[in-house]
Amino acid sequence: MPIVPEKPSLDDLESRWGARWEADGTYRFDRSKSRDEIYSIDTPPPTVSGSLHMGSLFGYVHTDSIARYRRMRGLEVFYPMGWDDNGLPTERRVQNYFGVQCDPSLPYDPAYAPPETPPGDSGKKSKDRPIPVPRRNFVELCLRLTAEDEQAFEQLWRRVGLSVDWELTYTSIGDDAQRASQLAFLRNLERGEAYQSEAPTLWDVDFRTAVAQAELEDREMPGAYHAITFSGTDGGDAIVIETTRPELVPACVALVAHPDDARFAPRFGQTVRTPLFGVPVPVLAHPLADPEKGSGIAMICTFGDTTDVVWWRELQLPTRNVMGRDGRLLEPSPPWGDDVDDKADARYAELAGKTAKQAQRRIVEMLEESGDLVGDPKTITHPVKFYEKGDRPLEIVSSRQWYIRNGARDPDLRAQLLDRGRVLAWHPSTMYSRYESWVEGLNSDWLISRQRFFGVPFPVWYPVGSDGEPDFEAPIVATEDRLPVDPSSDVPNGYAEDQRGVPGGFVGDPDVMDTWATSSLTPQIATGWETDPDLFARTFPMDLRPQGPEIIRTWLFSTLLRSILEHGEMPWTDVSINGWILDPDRKKMSKSKGNVVTPIGVLEKFGSDAVRYWALNGRPGVDTALDEGQMKVGRRLAIKVLNASKFVLGVMGEALADPALITTPIDRAVWVELDALVDDATAAFDSYDYARALERTERFFWSFCDDYLELVKSRAYGTDGSDPEGAASARATLALTLAALQRLFAPHLPFVTEEVWSWWREGSVHRAAWPEVAGATAWSEASVYRVASEVLGAVRKAKSDAQRSLRTDVLSAVVRDTPERLAALALAETDVREAGRIQELITEPATEFELTVELAPPEEKPS
RNA sequence: GGGCGGUUAGCUCAGGGGUAGAGCACUUCCCUGACACGGAAGGGGUCAGAGGUUCAAAUCCUCUACCGCCCACCA
């Protein structure tokens, strides 16, 4: 006998069932299953940066619904969680939170304690200078803060009902992740896929690190074209160029125009002199020069932008570097030879030490004084390259870095990556084009080294020659059995610690890897690559990679690349790309406006199922507005599930969902519709369209409550005992439909479905079998259910129009409709009359549906 | 500059050759024996614009406009 609470409620479902699932191990991964019985998910490790926002919830809920669906389909779901605690966001947060800054030159202090009253996450920048902290102490602070954040995230994920197996959790800075990162790197190195190179590199002057192509973004910035005169030699006229970066005039190594540009063709091969410094530079031709831009001829500097790098490389120009790694102009003067203006060094000295901005102001004054500035600068806005997390434009400096080949310089590899991307099942399919345009636009190999502190170090040392200089051409690599290693504290085989940094000894590679170098290995890290071959064989390649659209070029591409390089196969078969969260009304949320929506806040206000309902209404890949209205609707749905379940269980008693008992035509008709729903929802989930599955299920459910329950109520109660077979049919249909609906809703509303399932079924609904199409057949051409629903609805409308209660008796009702539909109606006449309180039902053939009713007169109210 | 989406009711969005849909908001009614954390009903739309294909277009094709995103060597 079902045990139904007197007053069902959504209160506390999260904590009650959350604890029960944990205790029962409901989502525990059973690793005895074989690969074809397993569904394996490459969960995105959220960046543990201290803030939990609604965007974090959105995509994860989508994935969870997919995971729950697959689990109910009988697959064992491998659903781990990872934490991305590696890298710059953490470093930056630790700096701000504790008011410290890493100083790698300081020795480790085992007794170190952070400031007693750290500034915390107040959001205000401390006026105090940051306290310098040794590197290893700094890393410890990072670990300490991320551990707290990871707790907060786990609590949030549990609350929202993610069905992950929390025993499978990994972190991107943990030993396993470090080992995998270093191992994969060593394998890349062995196969020649990783290499070192000294080259011009995009450089963030604030973070003082190199930056990869994938981390760039353009920002529209104000700038100005400065027209500047280069005086001719060899009897030629002066040439006017336009530049937005006049401060780089001292770095100029040539002028360049398009080979077909008749204005400059006579000057090709001639020499001109730079203003102020009088440095002779050649006038050259290159097809990349755009005759339409500026004055049609550009100055090439080392280096103002990436085009300069191309020209410098392809025209084999000398280097005249002026930009320092701190974003200030270098001292002393760049190498410009002897044949220069007498005042060249003195003039440059006025610029040296200044930031690019300051230097620009000064050099413009100098150019005005010397008369080399033509007219006033013309202000423009133009796109400037920034590191996506940075605040100042990137500079280009020459530095030694590690790279991994990614197809940018290898047409065969690029073609292979495009082909592989095409066989991935993209959900939605249009997302492939983003991958394609990224791969087609790759212009450099993947720069994986970063001049930072908190990250996975390169497992590499360099021998130090007798001159005290490291030999970068002959790296000493760690052996695989020693991983993970930290070359700044570990010693290479065959050396001793006292040989560190001395002639004839060694030094460790000081850099750490790009976070994507680790994140690109999440499939390997999660599945136990090279550490747990048994697990690896059961879970790799994985089935699904869910992720956001903004990291297709980073996470998705790099993961695919490394899997192809290491395993020669794809890391997964399917990828689902979730949409973006938009603020309500596209207004920016801010604390001052008081309209910030926090996950915890809405989860408490509406309940987890309601918030999931909102998220799951966002179509795959479609940007979705944050909408508390949808959460309200979700809450109402969850309450309806409680009440409808309570009612159905009360009416049907101990009835079985035995199809053989379903003999009444309208019950058969409902069963047919249920079959269609199951078919629809299953197909939707199979194509990763959780939103469609939810929408269809919800639509059926409301009609089931409004119409079917009303229609069969009376018959199912069977109070007069006149139709025992009809009562049994109704009860069996109720049982069948309720069981199906509870399971169809389970991936979306895990808490309320588990609650109502527990009232009458053994075990978790989340381990119950997904409903199957039964192959039901109806007893009538027209759907008895639909005709009866329509008549019932018309009766309700008539009562509502008359402003009468739905309890009002109908003395007589005349239904006009097609003969076919009237025949269908006849099969449900008793149910319709009971539900509508119709005393006499008359039918007349017609071409279309029409209903007229005569209502009982209102009762005199007793005074 | 190249590409991908989008434009449907006041709002948030489904639908995708055959009479325009849902929820919210609004109006009216109903405390009916599951549900007032309810329920019933109603008003409200030239489906961005223009052309084309078709017996029939919100839906397919072409172009235009605007919005968003991705990519691009950005002097």
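Proteins come first, then strands; the chains are lettered A, B, ... in the order of their sequence lines, and each starts at number 1.
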K.L.:
Counting only heavy atoms and a strict 4.0 angstrom limit, can you tell me which residues of residues 374-382 of chain A come near RNA chain B?
P.N.:
A:His382

K.L.:
For B:G39, does either OP1 or OP2 sit under 4.0 Å from a side-chain N or O belonging to A:Arg636?
P.N.:
yes

K.L.:
Out of B:A41, B:C73, B:A75, which has the shortest distance to the side chain of A:Ser800?
P.N.:
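When the side chain of A:Ser800 is considered, B:A41 is the closest of B:A41, B:C73, B:A75.
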
K.L.:
Starting at the 5' end of nucleotides 1-7 of chain B, put B wherever the base has a protein heavy atom under 4.0 Å, S where only the sugar-phosphate does, and a dash everywhere else.
P.N.:
---SS--

K.L.:
For the residue pair A:Arg553 and A:Trp516, would you count it as a cation-pi contact if the rule is NZ or CZ under 6.0 angstrom from the ring centre and within 45 degrees of the ring axis?
P.N.:
no

K.L.:
Base, sugar-phosphate, or nothing: which does A:Asp218 touch, judged by heavy atoms less than 4.0 Å apart?
P.N.:
base

K.L.:
Classify A:Trp311 by what it touches in the nucleic acid, base, sugar-phosphate, or nothing, heavy-atom distance under 4.0 Å.
P.N.:
base

K.L.:
Phosphate oxygens OP1/OP2 of B:A34: is one of them under 4.0 Å from a side-chain N or O of A:Tyr708?
P.N.:
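Answer is no, no contact under 4.0 Å.
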
K.L.:
Report the base-pairing partner of B:G68 (Watson-Crick or G-U wobble, both distances below 3.5 angstrom), or none.
P.N.:
B:C4

K.L.:
If you measure from the C1' atom in B:C66 to the same atom in B:A14, how many Å do you get, rounded?
P.N.:
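These two C1' atoms come out 23 Å apart once rounded.
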
K.L.:
Could you work out which one of B:U12, B:A75, B:C73 sits closest to the side chain of A:Ala289?
P.N.:
B:A75

K.L.:
Which of the following nucleotides, B:A75, B:G23, B:G33, is nearest to the side chain of A:Thr243?
P.N.:
B:A75

K.L.:
Expressed in angstrom and rounded to an integer, what is the separation of A:Asp623 atom CG from B:U12 atom P?
P.N.:
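That distance rounds to 13 Å.
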
K.L.:
So if I take every side-chain heavy atom of A:Glu695 and compare against B:A14, B:A34, B:C37, which nucleotide ends up nearest?
P.N.:
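Within the option list, the nearest is B:A14.
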
K.L.:
Side chain of A:Thr244: nearest nucleotide among B:A75, B:G23, B:C73?
P.N.:
B:A75

K.L.:
Does B:A75 have OP1 or OP2 sitting under 4.0 Å from an N or O in the side chain of A:Arg245?
P.N.:
no

K.L.:
Side-chain N or O of A:Lys797 less than 4.0 angstrom from OP1 or OP2 on B:C29?
P.N.:
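Answer no for this pair, as no side-chain N or O of A:Lys797 is under 4.0 Å from OP1 or OP2.
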
K.L.:
Identify which nucleotide among B:A14, B:C73, B:A34 has an atom closest to any side-chain atom of A:Thr306, counting heavy atoms from C-beta outward.
P.N.:
B:C73

K.L.:
Hunt down the Watson-Crick or G-U wobble partner of B:U12, both distances under 3.5 Å, from any strand shown, or write none.
P.N.:
B:A22

K.L.:
Using atom CG of A:Leu792 as one end and atom P of B:G39 as the other, report the distance to the nearest whole Å.
P.N.:
16 Å

K.L.:
Figure out the CH2/P separation between A:Trp759 and B:A34, and round it to whole Å.
P.N.:
14 Å

K.L.:
For A:Tyr435 together with A:Trp426, are the ring centres under 6.0 Å from each other?
P.N.:
yes

K.L.:
Select from A:Arg619 and A:Ser805 the residue whose nearest nucleotide in RNA chain B is closer to the 5' end of that strand.
P.N.:
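Per heavy-atom nearest nucleotide, the more 5' residue is A:Arg619.
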
K.L.:
Nearest whole angstrom, please: distance from the C1' of B:U32 to the CD of A:Glu834.
P.N.:
14 Å

K.L.:
So if I take every side-chain heavy atom of A:Asp801 and compare against B:A34, B:A75, B:A41, which nucleotide ends up nearest?
P.N.:
B:A41

K.L.:
Measure the CD1-OG1 distance between A:Ile241 and A:Thr243 for me, rounded to the nearest 0.5 Å.
P.N.:
5.0 Å

K.L.:
Between B:G10 and B:C73, how far is it from one C1' atom to the other, in whole Å?
P.N.:
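About 47 Å, rounded to a whole number of Å.
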
K.L.:
Whole-Å distance between B:C37 P and A:Lys605 NZ?
P.N.:
16 Å

K.L.:
With both distances under 3.5 angstrom, what nucleotide forms a Watson-Crick or G-U wobble pair with B:U54?
P.N.:
none

K.L.:
Output yes when at least one side-chain N/O atom of A:Arg635 is less than 4.0 Å from OP1 or OP2 of B:C37, else no.
P.N.:
no

K.L.:
Which one, B:A72, B:A34, B:A75, comes nearest to the side chain of A:Asp290?
P.N.:
B:A75

K.L.:
Round to a whole Å and report the spacing from CG of A:Asp809 to P of B:C30.
P.N.:
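Those two atoms, CG and P, are 17 Å apart.
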
K.L.:
Pick the closest RNA chain B nucleotide for A:Tyr225 and for A:Lys632 by heavy atoms, then say which residue is nearer the 5' end.
P.N.:
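The answer here is A:Lys632.
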
K.L.:
With a cut-off of 3.5 Å and sequence neighbours excluded, list every side-chain donor-acceptor pair involving residues 254-261 of chain A.
P.N.:
{"from": "A:His258", "atom 1": "ND1", "to": "A:Asp260", "atom 2": "N", "distance (Å)": "3.1"}
{"from": "A:Asp261", "atom 1": "OD1", "to": "A:Arg263", "atom 2": "N", "distance (Å)": "3.0"}
{"from": "A:Asp261", "atom 1": "OD1", "to": "A:Arg263", "atom 2": "NE", "distance (Å)": "3.1"}
{"from": "A:Asp261", "atom 1": "OD2", "to": "A:Arg263", "atom 2": "NH2", "distance (Å)": "2.8"}

K.L.:
Calculate the interatomic distance between A:Leu216 atom CG and B:C70 atom P; express it in whole Å.
P.N.:
13 Å

K.L.:
Would you indicate, yes or no, if B:C31 has its OP1 or OP2 atom less than 4.0 angstrom from a side-chain nitrogen or oxygen of A:Arg807?
P.N.:
no

K.L.:
Should A:Gln803 be listed as having a side-chain N or O under 4.0 Å from OP1 or OP2 of B:A41?
P.N.:
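No, because none of the side-chain N or O atoms of A:Gln803 sits under 4.0 Å from OP1 or OP2 of B:A41.
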
K.L.:
Under 6.0 Å between the ring centres of A:Phe745 and A:Phe701?
P.N.:
yes

K.L.:
So, does A:Asn443 get its side chain near the phosphate of B:C73, meaning an N or O under 4.0 Å from OP1 or OP2?
P.N.:
yes

K.L.:
Would A:Lys357 and A:Glu247 pass as an ion pair if we require N to O under 4.0 Å?
P.N.:
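Here A:Lys357 does not pair with A:Glu247 in a salt bridge, since their nearest N and O are not under 4.0 Å apart.
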
K.L.:
Taking NZ, NE, NH1 and NH2 as the nitrogens, is one of them in A:Glu217 or A:Arg219 under 4.0 Å from a carboxylate oxygen of the other?
P.N.:
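So A:Glu217 pairs with A:Arg219 through a salt bridge.
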
K.L.:
Is the shortest distance from a Lys or Arg side-chain nitrogen in A:Glu395 or A:Arg245 to a carboxylate oxygen in the other one below 4.0 Å?
P.N.:
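Between A:Arg245 and A:Glu395 there is a salt bridge, with a charged N closer than 4.0 Å to a carboxylate O.
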
K.L.:
Side-chain N or O of A:Lys7 versus OP1/OP2 of B:A36: is the shortest distance under 4.0 Å?
P.N.:
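Affirmative; the distance criterion is met.
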
K.L.:
Does A:Glu673 come within less than 4.0 Å of A:Arg786, counting only side-chain N to carboxylate O?
P.N.:
yes

K.L.:
With respect to A:Cys252, which candidate in A:Asp308, A:Ile228, A:Thr274, A:Val272 satisfies the side-chain contact (heavy atoms from CB on, under 4.5 Å) definition?
P.N.:
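Testing A:Cys252 for a side-chain contact (heavy atoms from CB on, under 4.5 Å) against A:Asp308, A:Ile228, A:Thr274, A:Val272 leaves exactly one candidate, A:Thr274.
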
K.L.:
Calculate, to the nearest 0.5 Å, the distance between atoms CG and CG belonging to A:Leu734 and A:Leu649 respectively.
P.N.:
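Here the interatomic distance stands at 9.5 Å.
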
K.L.:
Would you say the ring centroid of A:Phe58 lies under 6.0 angstrom from that of A:Trp614?
P.N.:
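When the ring centroids of A:Phe58 and A:Trp614 are compared, they turn out to be within the sub-6.0 Å range.
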
K.L.:
Base, sugar-phosphate or nothing for A:Gly294? Non-hydrogen atoms, less than 4.0 Å.
P.N.:
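The residue A:Gly294 makes no contact with any strand.
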
K.L.:
Report the distance from atom CD of A:Glu247 to atom C1' of B:A75, rounded to the nearest whole Å.
P.N.:
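Between C1' of B:A75 and CD of A:Glu247: 12 Å.
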
K.L.:
Closer than 4.0 angstrom, basic N to acidic O: yes or no for A:Arg619 and A:Glu695?
P.N.:
yes

K.L.:
Name the nucleic acid region contacted by A:Val633, choosing base, sugar-phosphate or nothing; use a 4.0 angstrom heavy-atom cut-off, strictly under.
P.N.:
sugar-phosphate

